[in-house]
Amino acid sequence: MISASTRPLVALPACTRQIDSAPCHIIGDKYLRAVSETAGLLPVMFPAFGEALEVESLLDGISGLVLTGSPSNVHPRRYDQDETSEHAPFDEARDGATLSLISAALDRGLPLFAICRGMQELNVALGGSLSPAVHDLPGRLDHRRPDSPDPDVQYGPRHEIEIEPDGLLSTLLPEGDTPIEVNSLHRQAIDRLAQDLKIEARAPDGTIEAVRYNKGKGFVLGVQWHPEYKAGNNPVSQALFQAFARAVRHFAAGKHRV
Ligand SMILES: N[C@@H](CCC(=O)NCCCC(=O)O)C(=O)O
């Protein structure tokens with residue numbers, strides 16, 4: 001049974017979506033299952049109510065935060081750039097919720113695992129910026145989702161990443177800083193890296209693929225790929241979600257407060 005008495009709560013902010021013209025708040029099943037089945041934690045959806053969320057009180061019962069991927073993009077005004085057609089689609093209710101939650105989570109040393117759009121939000125929340133169409137930049141790979149109806153192809157390995165030695169990732173992964181293959185389903189990527197983030201991994205074309213927060217002592221990791229996809233079948237994904245789980249349990253036990 002999945003019980004709150006044995007599992008610390010982990011918040012996942014939702015995305016907004018129109019389904020049959022009805023406004024909905026959604027989170028992909030694979031994120032919830034990775035948190036529940038691979039990390040052994042209890043996922044809790046936070047609605048994408050934008051800045052209306054009183055994040056401090058909401059986080060009081062929470063021991064971790066997972067920021068999911070999404071087909072939508074952070075609005076460029078969040079990093080002082082003008083909107084163009086390249087930046088769309090948007091989900092400004094999610095932007096408002098996640099950017100507030102990130103700041104509150106970092107202030108209290110809450111373990112944070114940011115995936116794809118989530119890593120981009122972490123960078124923007126800390127003052128960084130994004131490139132809207134990495135595939136149009138000279139020398140860059142096409143990081144977008146493969147054009148296939150098969151999810152195993154969409155989320156299958158696409159390119160290697162070089163892992164920084166002596167970083168957080170190199171201590172978490174079974175093979176240390178040996179290059180690994182990751183999936184890739186993103187148009188955007190980090191352009192200006194936020195001052196308090198450190199690069200943990202790069203793609204062969206230099207695209208930033210993982211970052212860690214350099215100010216706190218806790219677990220704050222962002223990855224551009226999707227470790228949540230069939231996480232239980234992938235040793236790297238298992239290592240990441242289980243490391244996150246250790247940090248969450250540590251936090252829940254009151255052993256780590258900033
Ligand atoms: N929209 C951003 C982020 C891409 C992203 O999160 N893709 C995953 C969407 C589906 C899923 O949640 O698996 C970009 O394009 O860079």
Side-chain angles (χ1 to χ4, degrees), residues 4 7-15 25 27-28 31-32 34-36 39-70 74-75 78-79 91-128 130 168-169 172 190 193-198 200 210-224 227-228 240-258:
R7 292 177 174 226
L9 302 185
V10 168
L12 295 91
C15 295
H25 294 244
I27 292 180
Y31 297 102
L32 300 169
V35 169
S36 176
L41 303 168
L42 184 56
V44 176
M45 178 197 276
F46 276 7
F49 283 167
E51 280 85 358
L53 288 179
E54 209 301 294
V55 292
E56 290 302 339
S57 57
L58 281 175
L59 289 178
D60 282 345
I62 296 295
S63 300
L65 180 63
V66 169
L67 303 179
T68 71
S70 173
V74 181
H75 197 285
R78 298 285 183 170
Y79 46 96
D91 184 348
E92 297 204 58
R94 164 153 176 174
D95 291 347
T98 54
L99 297 178
S100 307
L101 282 164
I102 290 167
S103 299
L106 295 178
D107 287 348
R108 61 177 64 200
L110 197 68
L112 195 165
F113 191 12
I115 296 170
C116 206
R117 189 201 212 260
M119 182 176 97
Q120 297 167 2
E121 290 166 327
L122 178 62
N123 187 55
V124 170
L126 289 169
L130 305 176
L168 174 59
L169 264 187
L172 299 181
I190 290 177
L193 183 69
Q195 186 178 344
D196 290 333
L197 292 180
K198 283 288 183 197
E200 283 278 335
V211 296
R212 75 172 186 276
Y213 183 51
N214 201 35
K215 274 179 79 174
K217 296 186 293 294
F219 182 107
V220 178
L221 180 69
V223 297
Q224 189 62 75
E228 82 287 353
L240 294 179
F241 276 98
Q242 286 162 6
F244 174 66
R246 288 193 298 274
V248 166
R249 289 187 180 279
H250 203 73
F251 186 92
K255 295 176 186 163
H256 175 74
R257 291 281 193 276
V258 289

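Residue Ile62 holds its CD1 atom at 5.0 Å from CG of Leu9, rounded to the nearest 0.5 Å. Distance check, rounded to the nearest 0.5 Å: CG of Leu130 to CD1 of Ile190 gives 7.0 Å. In this structure, the separation between CG on Leu240 and CD on Glu228 is 11.0 Å, given to the nearest 0.5 Å. Atom CZ of residue Arg212 and atom NZ of residue Lys198 lie 7.0 Å apart, to the nearest 0.5 angstrom. Between the OH atom in Tyr213 and the CG atom in Leu168 there is a gap of 14.5 Å [rounded to 0.5 Å]. From Leu41, atom CG reaches atom CG of Leu32 across 12.0 Å, with rounding to the nearest 0.5 Å.
Minimum heavy-atom separation, Pro13 to Leu65: CD-CD1, 4.0 Å. Shown here for Tyr31 and Gly69, the closest heavy-atom pair between the two residues is OH-N, 3.0 Å. Listed here is the closest heavy atom pair of Ser36 and Pro43: CB-CD, 4.1 Å. When every heavy atom of Thr68 is checked against every heavy atom of Arg94, the shortest pair comes out as O-NH2, 2.6 Å. When all heavy atoms are compared, the tightest approach of Arg249 to Pro8 is NH1-CD, 3.4 Å. When all heavy atoms are compared, the tightest approach of Gly128 to Ala194 is N-CB, 3.8 Å.
Side-chain contact between Arg117 and Val74: present, with at least one pair of heavy atoms (C-beta onward) separated by less than 4.5 Å.
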Go through it in stages, so that I can follow the logic: the residues are Val223 and Phe113, the test is side chain to side chain contact (heavy atoms under 4.5 Å, CB included), and I'd like the CA-CA distance, side-chain angles, deciding distance and then a yes or no. CA-CA 8 Å; Val223 297; Phe113 191 12; 4.0 Å; yes
In sequence, state the C-alpha distance, the side-chain angles, and the governing distance for Leu106 and Leu126, and then conclude on side chain to side chain contact (heavy atoms under 4.5 Å, CB included). CA-CA 10 Å; Leu106 295 178; Leu126 289 169; 3.7 Å; yes
Start with the C-alpha distance between Phe46 and Leu59, add both sets of side-chain angles, then the distance that settles side chain to side chain contact (heavy atoms under 4.5 Å, CB included), and finish with yes or no. CA-CA 10 Å; Phe46 276 7; Leu59 289 178; 4.2 Å; yes
Please lay out, stage by stage, how Leu53 and Leu58 fare under the test side chain to side chain contact (heavy atoms under 4.5 Å, CB included). CA-CA 8 Å; Leu53 288 179; Leu58 281 175; 3.6 Å; yes
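Under the side-chain contact (heavy atoms from CB on, under 4.5 Å) criterion, Glu92 pairs with His75, Arg77, Phe90, Asp95, not counting sequence neighbours. Phe49 pairs by the ring pair (Phe, Tyr, Trp, His ring centres under 6.0 Å) definition with His25, not counting sequence neighbours.
Judged by distance alone, with hydrogens and angles left aside, the side-chain atoms of Glu121 form no donor-acceptor pair with the main-chain N or O of Thr98 at under 3.5 Å. Checking side-chain atoms of Gln195 against main-chain N and O of Gly127 turns up no donor-acceptor pair under 3.5 Å.
Residues Arg108 and Glu56 are paired through a salt bridge, judged by an N-O separation under 4.0 Å between the basic side chain and the carboxylate.
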